[in-house]
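Structure, as structure tokens:
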Amino acid sequence: MSKLIGLTGDEAIAYAVKQCNVDVVAAYPITPQTIIVEAFSEYVHNGEVKTEFICVESEHSALSACIGASLTGARVFTATSSQGLALMHEMLYIASGLRCPIVMGVVNRALSAPINIHGDHSDMMGSRDCGWIQIYAENVQEAYDWTIQAFRIAEDKKALLPVSVNIDGFILSHALEGVKTLDDKAVDSFVSTRKAEITLDPAKPITVGALCLTDYYFEMKRQQVEAIKESKGVISSVNEAYEQISGRKYGIIDTFGIGDAEVAILCLGSTAGTTKYVADSMRKKGFKVGVIKPWIYRPFPAEEIVKATENLKALIVLDRACSFGAPYNPLCSDVISALYQAERELKVINVVYGLGGRDIAPSDIRGLFEEGLEVSKTGKVNEPVKFVGVRE
Amino acid sequence: MGEEKKPGWKTVPIGGILLEPGSATKYKTGDWRAFRPVIDTNKCVNCLICWIYCPDGAIKRLEKHVTVDLDYCKGCGICANECPVKAITMIEEKR
Ligand code: SF4
Ligand code: SF4
């Protein structure tokens with residue numbers, strides 16, 4: 001039977017991993033991801049899982065161990081945050097390049113300097129082109145649900161790519177929520193055990209990580225481009241299968257009030273919750289506002305976003321990371337590229353918010369919706385890139 | 001090498017994995033060489049020191065002396081340096 005359990009975001013991820021028949025976990029603790037590693041090592045200590053837990057001396061080693069294990073055909077999980085993800089940077093590309101279906105919980109946290117332990121998206125955005133499928137959860141329930149789905153997405157032979165499940169540091173990682181967990185058996189039959197086509201087998205020797213120069217490297221990258229594009233279909237079919245066992249519907253993007261909205265806010269992760277709350281209260285007063293929340297950031301949901309903006313007159317894109325020196329910040333750059341490619345003319349405002357974990361209040365969001373409504377009337381964007389919540 | 005048609009991204013195994021063992025033998029590296037080792041078979045005492053030292057496994061053992069597999073020898077000169085009886089001379093390749 002499914003049980004309602006009080007779990008923090010970190011605990012929910014650890015709990016999901018416990019149910020997923022994971023063969024190997026290699027991880028290094030870092031705030032605010034630490035609880036994932038702590039909770040999971042407790043499961044190992046108590047004999048609740050058969051997982052081999054590898055204690056490593058750094059995140060670089062953690063992901064290296066995961067890559068090695070994954071290549072033998074094992075199901076593998078790791079987790080990190082911020083500087084830890086940055087230290088993995090080299091191995092992130094190796095994991096995707098060697099097509100290792102590793103699942104990683106990324107508890108988003110600001111990058112130094114100055115040193116800060118709170119939530120923003122600069123860590124994952126700094127690695128956005130690493131070839132991983134990137135999922136952003138809005139709340140603890142979603143963190144649990146996506147972690148389970150991530151194993152099936154990663155290991156599908158049409159994808160065979162690593163997946164990161166992102167949750168906002170502290171806002172989700174340390175927030176206690178009632179999580180509707182699934183029965184162990186239901187998860188077990190959903191994820192089964194990994195069935196790798198190529199494994200490390202002395203009877204069938206293979207070479208992994210061989211030198212690949214001008215004559216083949218380009219072909220390998222072209223394959224990765226195709227695999228991550230194809231993974232969108234894999235994600236959708238995993239979502240459908242998951243709905244069967246959980247009754248919860250997931251997709252590439254989530255929308256709220258988009259049918260008749262003239263103005264929408266597009267954002268990732270936990271901020272979407274606050275934004276939906278504000279949109280809901282404004283809609284009750286007759287304002288035509290909505291919310292677009294990409295669940296999947298890579299592969300980028302270009303078609304889905306273009307479709308969701310069909311009736312909009314203005315779109316506000318919230319970025320919780322900076323792309324220093326770029327015309328727009330990471331999420332907005334992608335949104336604008338998608339709109340341009342679809343020859344869609346739409347007024348867009350890019351808003352940078354919440355760096356280093358600074359709160360964004362419902363009143364800030366209401367102010368942004370009001371500004372969007374103004375733009376939809378005048379058709380004029382005065383400031384294409386703005387900063388909300390920073391002191392002048 | 002340039003002549004053969006190589007497989008494209010749709011057919012080549014993913015992730016750069018080589019499914020067949022020992023395929024490195026198909027990759028001839030001899031044309032990287034600037035100097036070629038030439039063995040004076042009269043001087044060679046067949047001690048096999050060069051055979052141990054060669055980083056490319058390019059020294060081949062014969063009955064009475066050794067020889068060099070020029071398909072793989074990269075011309076590093078280690079063999080010539082290590083040979084105790086100075087039986088190996090490095091000659092510049094001229095093409
Ligand atoms: S020159 Fe170098 S590569 Fe060639 S046979 Fe001697 S040791 Fe081996
Ligand atoms: S080291 Fe010199 S003497 Fe010994 S086998 Fe090689 S060539 Fe012959």
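Proteins get letters first, then strands, A, B, ... in listed order; numbering begins at 1 in each. In this text, all values refer to a predicted model and were calculated from it rather than measured experimentally. Only heavy atoms go into these numbers, but all of them, side chains included; no hydrogens, no water, no symmetry mates.
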Query raised in the report: Most heavy-atom pairs under 4.5 angstrom with chain B, which of A:Q223, A:K204, A:R99, A:E219?
Result: A:Q223
**Report entry** Main-chain N/O of A:I228 paired with A:S231 side-chain donor or acceptor, under 3.5 Å
**Finding:** yes
Report task. Using distance alone, with no hydrogens and no angle criterion, decide if A:Q19 and A:D188 have a side-chain donor and acceptor under 3.5 Å apart. Result -> no
Query raised in the report: Is the side chain of A:Q341 donor-acceptor paired with the backbone N or O of A:S337 at a distance under 3.5 Å, no angle test?
Result: no
Query - Residue part contacting chain B, namely of A:L160, when any heavy atom lies under 4.5 Å - result: side chain
Report task. Could you tell me how the ring of B:W32 sits relative to the ring of B:Y27: parallel (under 30°), tilted (30 to 60°) or perpendicular (over 60°)? Result -> perpendicular
Report task. Fit a plane to each ring of A:F151 and A:F77, take the angle between them on a 0 to 90° scale, and name the class: parallel (under 30°), tilted (30 to 60°) or perpendicular (over 60°). Result -> tilted
Query raised in the report: With only heavy atoms counted, which part of B:P7 is less than 4.5 Å from chain A, the side chain, the backbone, both or neither?
Result: both
Requested in this report: Could you tell me which of A:R222, A:M220, A:E226 has the largest number of non-hydrogen atom pairs under 4.5 Å with chain B?
Outcome: A:R222
Report summary line: Turns out that what part of A:Q224 lies under 4.5 Å from chain B's heavy atoms comes down to neither
